[in-house]
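Worth knowing before you read on, the calculation uses all heavy atoms, side chains too, and leaves out hydrogens, waters and symmetry mates. In what follows, chains carry the letters A, B, and so on, assigned in the order in which the sequence lines appear, proteins first and then strands, with residues in each chain numbered from 1.
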Number of protein chains: 2
Amino acid sequence: MSDKPTRARAPRNTLNPELIVTTALALMEAQGLEAFSVRSLAKELGVGPMALYTYFRSKDELFDAVRDHLLGARRLSAARGPWQEQVRTIATGLRQLLLEHPCLLRILASRPLKGQETAAATETLVRALREAGFSKENAARAHTMLFTFVLGAALWESQMNAEKQDREGRRRLRATMESLSAADYPTVVDLADELSRTSGGDAQFDFGLNALIAGLEPLLN
Amino acid sequence: MSDKPTRARAPRNTLNPELIVTTALALMEAQGLEAFSVRSLAKELGVGPMALYTYFRSKDELFDAVRDHLLGARRLSAARGPWQEQVRTIATGLRQLLLEHPCLLRILASRPLKGQETAAATETLVRALREAGFSKENAARAHTMLFTFVLGAALWESQMNAEKQDREGRRRLRATMESLSAADYPTVVDLADELSRTSGGDAQFDFGLNALIAGLEPLLN
DNA sequence: ACCTGAACACCGTTCAAGT
DNA sequence: ACCTGAACACCGTTCAAGT
């Protein structure tokens with residue numbers, strides 16, 4: 001008679017940090033970071049919402065754990081070689097990781113990094129720069145510039161791709177371009193196609209990365 | 001006798017788009033974008049939450065309006081001059097705007113831009129590049145690279161600055177650096193000071209911007 | 001046209017309590 | 001130690017209704 005939709009009490013040790021993190025990640029990938037909630041995660045795991053607080057003190061701490069999980073899973077450091085190659089390998093790898101996991105991108109874009117999560121990649125990159133002859137200061141600056149460039153490029157690409165996913169978004173983008181007056185913005189109108197193509201893609205990323213690397217080379221003299 | 005805390009009915013035309021947008025902006029600046037809510041905005045304006053839906057179809061549309069308001073308020077385009085100067089002026093101006101308005105930064109980092117909001121700045125920049133001799137394709141790519149670089153750099157800087165605001169955040173950052181094993185990450189440990197200084201600041205931004213500009217110059221031959 | 005309250009279907013998190 | 005339900009103080013938005 002008691003067909004009240006009440007869950008059976010979950011047995012002890014149903015949960016553990018890994019299970020929570022991987023399930024959270026799966027939910028985030030499936031429905032987007034904004035749709036993710038502690039309560040939906042608890043439901044997916046078959047426990048009450050408060051069960052999770054034994055393992056994580058807050059939702060933010062859970063985000064950090066998901067981020068560290070993703071950053072730790074992939075080796076971003078590269079084989080030895082000229083510094084330009086090391087830069088290219090690490091930057092490309094990071095971009096790939098971020099595009100494969102939009103939720104990681106959004107977490108990085110909303111919370112600070114403490115540093116140890118990416119220490120291996122930083123070590124490879126910064127060592128390559130130092131061995132190539134960059135000063136301590138320039139090596140550190142180049143490293144951070146690289147990172148912020150990849151972050152911004154991937155963030156923009158991911159956002160614009162999402163907008164282009166549905167036909168309504170594509171319509172909005174096209175409508176905006178067509179609404180621009182050729183009298184006020186002649187060059188923008190002339191470059192409409194080219195500008196729209198630069199909102200993402202490997203070619204755009206490589207263009208930026210190459211310019212950045214080329215711009216660092218003079219610092220070696 | 002009816003001292004129930006009930007608001008007087010707001011007179012007609014208490015609201016208008018500008019008032020809503022500027023009040024929303026003030027709230028976002030005061031308490032942060034994440035703390036901002038439609039309900040808190042309504043309370044601040046002395047109306048019921050639903051009154052706002054006469055002017056904006058959703059919270060997202062309100063975000064877009066705040067973004068457009070901020071982008072429209074500042075002239076980002078520059079006086080004529082060599083393309084390197086134009087690039088520098090526009091990039092620096094955009095960074096400044098983003099750092100002054102962290103909520104604008106967060107909106108840009110979470111929603112796509114349609115384009116007309118920044119058309120004036122884009123026009124100036126892209127025209128300068130075309131007149132300097134860049135191809136259509138390269139001018140467009142350079143423009144977007146610049147934009148994504150500024151976005152990433154400002155986003156990171158703003159986030160790390162926030163973390164450094166409270167002593168707890170500073171402690172976390174320091175603790176992480178000190179926890180890194182010098183055996184595993186010798187170069188990172190050696191560059192700890194330099195790396196920590198690159199998390200923001202004018203010098204770091206100029207370093208990146210200069211490298212970027214220098215990296216574009218070879219494309220003119 | 002412009003503003004209203006009530007209601008719906010959610011949130012994250014605190015607290016005291018069960019096992 | 002690990003999981004629970006109830007409760008608190010919120011959300012954004014729909015709906016039908018007032019003026």
Q | Heavy-atom donor-acceptor pair, Arg9(B) side-chain to dT19(D) base, under 3.5 Å | A | no

Q | For the student: nearest non-hydrogen atoms of Tyr55(B) and Pro17(B), plus distance | A | CD2-CD, 3.8 Å

Q) Just checking, is any N or O donor in the side chain of His69(B) or Thr22(B) under 3.5 Å from an acceptor N or O on the other one? A)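 Not at all, the side chains of His69(B) and Thr22(B) share no donor-acceptor pair under 3.5 Å.
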
Q) So does Arg174(A) pair up with Glu178(A), basic N to acidic O under 4.0 Å? A) no

Side chain of [X] only, heavy atoms from C-beta on: which candidate in [options] is closest?
X	options	value
Tyr55(A)	dA7(C), dC2(D), dG12(C)	dC2(D)
Ser40(A)	dA1(D), dC3(C), dC11(C)	dC11(C)
Met50(B)	dT13(C), dC3(D), dT4(C)	dT4(C)
Lys59(B)	dT13(C), dG12(D), dC15(D)	dG12(D)

Q: Tell me the stems DNA chain D sits in, counting at least three consecutive Watson-Crick or G-U wobble pairs, each under 3.5 Å on both distances.
A: C:4-8 with D:12-16, C:12-16 with D:4-8

Q) What is the nucleic acid contact for Ser37(A), judged by heavy atoms within less than 4.0 Å: base, sugar-phosphate only, or nothing? A)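 Touches sugar-phosphate only.
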
Q: Have a look at Ala10(A) and say if it touches a base, only the backbone sugar-phosphate, or nothing, with a 4.0 Å heavy-atom cut-off.
A: sugar-phosphate

Q: Pick the C1' atom in dA17(D) and in dC2(C), then give their distance to the nearest Å.
A: 13 Å

Q. Which residue, Ala51(B) or Arg57(A), contacts DNA chain C at a nucleotide closer to its 5' end, judged by nearest heavy atom?
A. Ala51(B)

Q) How are the rings of Phe36(B) and Phe63(B) set relative to one another: parallel (under 30°), tilted (30 to 60°) or perpendicular (over 60°)? A) tilted

Q. Picking from Glu157(B), Glu163(B), Lys164(B), Gln159(B), what satisfies side-chain hydrogen bond (donor to acceptor under 3.5 Å, both in side chains) with Ser199(B)?
A. Lys164(B)

Q: Check step by step if side-chain contact (heavy atoms from CB on, under 4.5 Å) holds for Cys103(A) and Leu25(A).
A: CA-CA 8 Å; Cys103(A) 58; Leu25(A) 175 57; 3.7 Å; yes

Q) Can you tell me how far C1' of dT4(D) sits from CG of Leu45(A), to the nearest Å? A)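 After rounding, the gap between these two atoms is 16 Å.
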
Q) Between atom CZ in Arg39(A) and atom C1' in dC11(C), what is the gap in whole Å? A)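 Those two atoms, CZ and C1', are 6 Å apart.
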
Q: Kindly state each residue pair satisfying salt bridge (charged side-chain N to carboxylate O under 4.0 Å, His left out) with at least one member in residues 181-196 of chain A, sequence neighbours excluded.
A: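 Applying salt bridge (charged side-chain N to carboxylate O under 4.0 Å, His left out) to every pair that reaches into residues 181-196 of chain A, excluding sequence neighbours, yields Asp190(A)-Lys136(B).
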
